[in-house]
Amino acid sequence: MTVMESVPSESDLERHFEETIGRDQRIEPRDWLPEGYRKTMIRQIAQHAHSEIIGMQPEGNWITRAPSLRRKAILLAKVQDEAGHGLYLYSAAETLGADRDELTEKLISGRQKYSSIFNYPTLTFADVGVIGWLVDGAAICNQVPLCRSSYGPYARAMIRICKEESFHQRQGYELLMTMMNGTQQQRDMVQDATNRFWWPSLMMFGPPDDDSPNTAQSMAWKIKRHTNDELRQRFVDMTVPQAEALGVTLPDPDLAWNVERGHYDFGRIDWAELKQVISGGGPCNAERMARRRQAHEDGAWVREAAAEHARKQRERAVAAATEEVGA
Ligand code: BYC
């Protein structure tokens with residue numbers, strides 16, 4: 001008897017995909033998925049990976065000038081964690097058929113984005129603390145829901161990343177607490193860093209919902225679980241009491257508890273600034289990209305050596321297999 005295997009039609013596959021999403025189950029690399037979903041996932045994961053890698057620069061800038069060996073060791077470990085996050089994320093993108101070299105090429109040629117926040121300078125060591133507190137704090141707010149994202153490899157990478165980001169946030173806060181208990185000059189440095197990073201941190205969540213072209217589809221596919229404005233509000237609500245405990249003032253005169261909404265109201269964000277930074281016109285865009293390009297060029301010999309090593313290993317394996325068969 002011959003068993004005829006029926007090949008599922010495109011609409012069967014699409015229905016299966018929609019049902020999997022509908023049941024809140026994960027899409028895995030072996031599963032069929034619509035081209036739009038694949039493209040969106042690659043876009044988001046690649047941007048996220050690039051952000052982690054470019055995000056090493058502003059803090060890395062302070063490794064050689066950390067005020068003590070303890071602070072240097074902490075900062076080194078944090079920056080190294082960010083490299084690790086970038087690598088998990090590039091690996092997650094590879095499961096969707098995106099080649100890591102191609103993604104790097106797209107970053108350094110300016111065809112793919114990275115987070116706006118990393119285009120601001122780090123002027124004092126207090127910036128290291130404020131990045132941990134506000135930037136990692138915003139990242140956690142944005143990324144905890146992504147642990148439930150519909151694409152399995154991304155969601156799983158996010159679990160580990162969030163654990164590490166949460167550790168980073170605490171180290172930033174602890175550094176700031178120490179500085180706030182120090183001299184007036186140190187307190188002023190913390191306030192100044194907070195003033196410079198507060199608004200750019202709010203911009204990390206992306207444009208407002210009514211100007212966010214990707215949110216509706218990404219929510220429908222359960223890639224995103226909350227809108228940009230929902231997460232931004234969550235971040236503000238979470239951060240105001242932390243600023244009070246620290247003794248710094250958030251630079252927004254309109255920040256006030258709204259009893260009816262049960263949330264903090266906050267002032268108008270300068271969306272023109274976000275657009276400018278995203279389109280390459282931020283204070284450090286050119287510097288960050290030049291540094292990344294240089295690092296890529298400097299690493300060419302490592303990639304060549306690794307490829308040559310892999311080629312020799314393959315050759316040896318083939319020779320050994322041929323010998324075994326011949327023997
Ligand atoms: N900066 O329709 P929208 C970190 C782009 S790393 C630059 O709302 P979406 C850390 C957006 O990509 C932090 N671009 O988009 C590392 C889109 O452009 P395209 C990175 C931005 O995707 C080291 C366009 O604007 N975190 O945590 O639905 C040290 C329209 O936006 C930004 C992630 O990447 C921005 N701020 O939502 C410390 C998290 N905002 O592609 C910390 C994962 C928007 O259409 N990503 N754009 O040309 C996400 O959750 C979402 O992609 C976003 C944007 C919420 C960022």
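Keep in mind that this is a model prediction, so the values were computed, not measured. The basis for the numbers below is simple: all heavy atoms, side chains too, and nothing from hydrogens, waters or symmetry mates. Every number for a ligand or one of its atoms is a count from 1 in the order of the listing.
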J.: Any chance the side chains of Tyr88 and Arg160 put a donor and an acceptor closer than 3.5 Å?
T.: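 Yes.
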J.: Any ring pair (Phe, Tyr, Trp, His ring centres under 6.0 Å) involving residues 288-314? Give me the pairs, sequence neighbours left out, ordered by first then second residue.
T.: none
J.: Tell me yes or no: between the side chains of Lys224 and Thr215, is some donor less than 3.5 Å from an acceptor?
T.: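 Per modelled atom types, Lys224 and Thr215 side chains form a pair under 3.5 Å.
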J.: In chain order, what residues pass the side chain to side chain donor-acceptor pair (under 3.5 Å) check against Glu94, with sequence neighbours excluded?
T.: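 Glu94 satisfies side chain to side chain donor-acceptor pair (under 3.5 Å) with no other residue.
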J.: Taking Lys78 first and then Glu82, would you say they form a salt bridge - that is, a charged N and a carboxylate O separated by under 4.0 Å?
T.: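 A salt bridge links Lys78 with Glu82.
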J.: Using salt bridge (charged side-chain N to carboxylate O under 4.0 Å, His left out) as the criterion, list what pairs up with Arg225, not counting sequence neighbours.
T.: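 Arg225: salt bridge (charged side-chain N to carboxylate O under 4.0 Å, His left out) contacts with Asp24.
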J.: One line per pair, note the atom names and distance for all nitrogen or oxygen contacts under 3.5 Å between ligand 1 and the protein.
T.:
residue, atom, partner, partner atom, Å
ligand 1, 1 (N), Ser116, N, 2.8
ligand 1, 1 (N), Ser116, OG, 3.3
ligand 1, 2 (O), Ser212, OG, 3.1
ligand 1, 2 (O), Pro213, N, 3.3
ligand 1, 2 (O), Asn214, N, 2.9
ligand 1, 2 (O), Asn214, ND2, 3.0
ligand 1, 8 (O), Ser212, OG, 2.7
ligand 1, 8 (O), Asn228, ND2, 2.8
ligand 1, 12 (O), Gln47, OE1, 2.7
ligand 1, 12 (O), Gln47, NE2, 3.2
ligand 1, 15 (O), Asn214, ND2, 3.3
ligand 1, 18 (O), Lys113, NZ, 3.2
ligand 1, 22 (O), Arg43, NH1, 3.1
ligand 1, 22 (O), Arg43, NH2, 3.2
ligand 1, 27 (O), Gln143, NE2, 3.2
ligand 1, 28 (O), Lys224, NZ, 2.6
ligand 1, 36 (N), Ser116, OG, 3.0
ligand 1, 36 (N), Met203, O, 3.2
ligand 1, 36 (N), Met204, O, 3.4
ligand 1, 37 (O), Lys224, NZ, 3.0
ligand 1, 41 (O), Arg43, NH1, 3.0
ligand 1, 41 (O), Gln47, NE2, 2.8
ligand 1, 45 (O), Asn214, ND2, 3.2
ligand 1, 48 (O), Lys113, NZ, 2.3
ligand 1, 50 (O), Asn142, OD1, 3.4
ligand 1, 50 (O), Asn142, ND2, 3.1

